There are 2 protein chains.
Amino acid sequence: MHKEHPLTKNQQIIFDLIDKSPEPMKAYSILFSVQKKGIKAPLQVYRALDKLVEIGKIHKIESRNVFIACHNSSCQVSKATAFSICEICEKVTEISSTGLSKYLANFKDKDGMKYSKYNLEFFGLCKKCR
Amino acid sequence: MHKEHPLTKNQQIIFDLIDKSPEPMKAYSILFSVQKKGIKAPLQVYRALDKLVEIGKIHKIESRNVFIACHNSSCQVSKATAFSICEICEKVTEISSTGLSKYLANFKDKDGMKYSKYNLEFFGLCKKCR
DNA sequence: TTTAAATTGTTATAATATAACACCATGTAA
DNA sequence: TTACATGGTGTTATATTATAACAATTTAAA
Ligand SMILES: [Zn+2]
Ligand SMILES: [Zn+2]
Ligand SMILES: [Zn+2]
Ligand SMILES: [Zn+2]
């Protein structure tokens, strides 16, 4: 079991927004949405995002520069993430497959090196778009 | 077998630079390096990069916004890529493991969907840094 | 040769992210 | 209690990454 991090005010505001969003969010659209709550500057957003990523409450989709709430509690420990991304509508889904995560955690490169931390992004078409 | 793309002048200049670089390169450091060859504007660099990525001659490391020459000829067909990234020195190595690529190409998400296109970034410490 | 597609050159601007500094809250150790 | 360390906040300014829009040129087919 992982340790609970109590969120600070800014972190909570931004986490709630991302968590409720039906789509991954961009940093500046987060900024726009929270301006009425007194968060006015990009840095305030990025600092909260950094922390939320660090503690595993959200993930950054690196190929898209968007943020999504985690829906797989084991991420908060492992930093091992996998997503599918629709190339038409940009829908992102977090993948939680024990088989996949075991395979990747046990994968050894040609130097015999293992990696417990990774990020995998699958690209294709979602149900609706294909 | 894949079709050979003859590179245009700008594409060739930029590919050569990246290919010879011992490290992955950032777009604006590429721009700086090729200014003596007459490439003056960011767009000229980004257009060449886009094309080179599209035809699989280089890859973008999404978590770092850097570009690296491909060292795995099958990428030029598949768009299925995997890298290891050192979190200290930022050394990037392209992984070509038949086992890994087969596993990922055959992976099905819970809707039974397969993805032939993916990007995997492993994080850890390289030989020198650990 | 005509035409379509791709590439180039250029200026300007958008989108993403961090530096630097002052201040404040909270916990903890002397 | 006081000092100190740690982490969060607010703010201004700036750095970094990437694209829009438009005109001109080259290339490769039809
Ligand atoms: Zn997660
Ligand atoms: Zn879709
Ligand atoms: Zn490759
Ligand atoms: Zn290293």
Side-chain angles (χ1 to χ4, degrees), chain A residues 3-18 21 23-68 85 87 90 92 119 121, chain B residues 2-18 21 23-68 76 85 87 90 92 119 121:
Chain A
K3 198 179 161 196
E4 269 303 329
H5 270 267
L7 301 183
T8 65
K9 182 169 133 280
N10 287 0
Q11 289 162 12
Q12 189 69 57
I13 290 169
I14 287 173
F15 175 72
D16 287 344
L17 179 68
I18 297 171
S21 169
E23 294 146 24
M25 295 192 77
K26 291 170 172 273
Y28 276 73
S29 88
I30 292 169
L31 174 59
F32 179 80
S33 295
V34 297
Q35 275 178 335
K36 52 197 144 213
K37 304 217 171 184
I39 296 175
K40 289 172 189 162
L43 248 195
Q44 295 174 285
V45 172
Y46 279 103
R47 284 199 282 227
L49 289 174
D50 286 350
K51 191 69 186 182
L52 291 167
V53 167
E54 185 192 327
I55 65 182
K57 300 280 288 180
I58 64 172
H59 302 300
K60 182 176 185 184
I61 309 301
E62 295 287 357
S63 65
R64 300 299 194 262
N65 298 320
V66 294
F67 298 85
I68 187 177
I85 302 170
E87 291 187 289
E90 299 290 329
V92 174
N119 181 57
E121 298 181 4
Chain B
H2 66 274
K3 199 179 160 195
E4 269 303 329
H5 269 267
L7 301 182
T8 65
K9 183 169 134 282
N10 287 0
Q11 289 161 11
Q12 189 70 56
I13 290 170
I14 287 173
F15 175 73
D16 288 344
L17 180 69
I18 297 171
S21 169
E23 295 147 22
M25 295 192 77
K26 292 171 171 274
Y28 276 72
S29 87
I30 292 169
L31 174 59
F32 179 79
S33 295
V34 297
Q35 275 178 334
K36 51 197 144 212
K37 303 218 174 187
I39 297 175
K40 290 172 190 164
L43 246 196
Q44 296 174 283
V45 172
Y46 279 103
R47 287 200 280 227
L49 289 173
D50 286 350
K51 191 68 187 183
L52 290 167
V53 167
E54 185 193 326
I55 65 182
K57 301 280 288 181
I58 65 172
H59 302 301
K60 181 176 185 183
I61 309 301
E62 295 287 357
S63 65
R64 299 300 192 262
N65 297 321
V66 294
F67 298 85
I68 187 177
Q76 300 186 34
I85 303 170
E87 291 186 289
E90 298 291 329
V92 174
N119 181 56
E121 298 181 5

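Each chain gets a letter, A, B and so on, in the order its sequence line appears, and its residues count up from 1. Just so it is clear, the model here is predicted, and its values are computed rather than measured.
- Direction change of the helix axis from one end of the helix from C:dT1-D:dA30 to C:dA30-D:dT1 to the other is 40°, with five pairs defining each end axis (rounded to 10°).
- Considering all non-hydrogen atoms of both residues, A:L52 and A:Q11 come closest at CD1-O, 3.8 Å.
- Here C:dA15 presents its C1' atom at 16 Å from CZ of A:F32, a figure rounded to the nearest Å.
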Please lay out, stage by stage, how B:S63 and A:N119 fare under the test side chain to side chain contact (heavy atoms under 4.5 Å, CB included). CA-CA 9 Å; B:S63 65; A:N119 181 57; over 6 Å; no
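- Interatomic distance, B:I30 CD1 to B:I18 CD1, rounded to the nearest 0.5 Å: 4.0 Å.
- One interatomic measurement links the two molecules: NZ of A:K51 to C1' of D:dT9, which rounds to 14 Å at whole-angstrom precision.
- A straight line from CD1 of A:I39 to C1' of D:dG8 spans 12 Å, rounded to a whole angstrom.
- Summarising the geometry, the separation between CG on B:L7 and P on D:dT27 is reported as 14 Å, rounded to the nearest angstrom.
- Put simply, the side chain of B:E23 does not reach to within 4.5 Å of the side chain of B:E90, judged on heavy atoms.
- In this structure, B:Q44 does not reach the C:dT8 phosphate: none of its side-chain N or O atoms is under 4.0 Å from OP1 or OP2.
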Side chain to side chain contact (heavy atoms under 4.5 Å, CB included), that's the test. Do A:E54 and A:D50 meet it? Break it down for me. CA-CA 6 Å; A:E54 185 192 327; A:D50 286 350; over 6 Å; no
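- Atoms CD (B:Q35) and P (C:dG9) sit 13 Å apart, rounded to a whole Å.
- Atom P of nucleotide C:dT8 and atom NZ of B:K37 are separated by 15 Å, given to the nearest angstrom.
- To the nearest angstrom, C1' of C:dT26 lies 16 Å from NZ of A:K9.
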For B:I58 and B:I14, run side chain to side chain contact (heavy atoms under 4.5 Å, CB included): C-alpha distance rounded to whole Å, both residues' side-chain angles, the deciding distance at 0.1 Å, then the answer. CA-CA 10 Å; B:I58 65 172; B:I14 287 173; 5.9 Å; no
Are any protein N/O atoms closer than 3.5 Å to N/O atoms in nucleotides 15-22 of chain D? If there are, list each pair with its distance.
from   : atom 1 : to    : atom 2 : distance (Å)
D:dT17 : OP1    : B:K26 : NZ     : 2.7
D:dA18 : OP1    : B:K60 : NZ     : 2.6
D:dA18 : OP1    : B:N65 : OD1    : 3.4
D:dA18 : OP2    : B:Y46 : OH     : 3.1
D:dA18 : N7     : B:Y28 : OH     : 2.7
D:dA18 : N6     : B:Y28 : OH     : 3.1

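- Heavy atoms only, all atoms of each residue included: A:K40 and A:Q35 are closest at O-NE2, 3.8 Å.
- Contact check, B:T8 against D:dT27: no side-chain N or O comes under 4.0 Å of OP1 or OP2.
- Rounded to whole angstrom, the span from the NZ atom of B:K40 across to the C1' atom of C:dT10 amounts to 10 Å.
- Not counting sequence neighbours, the partners of B:D16 by the side chain to side chain donor-acceptor pair (under 3.5 Å) test are B:Q12.
- Scanning both residues, B:L17 and B:S33, for their nearest heavy atoms gives CD2-CB, 3.6 Å.
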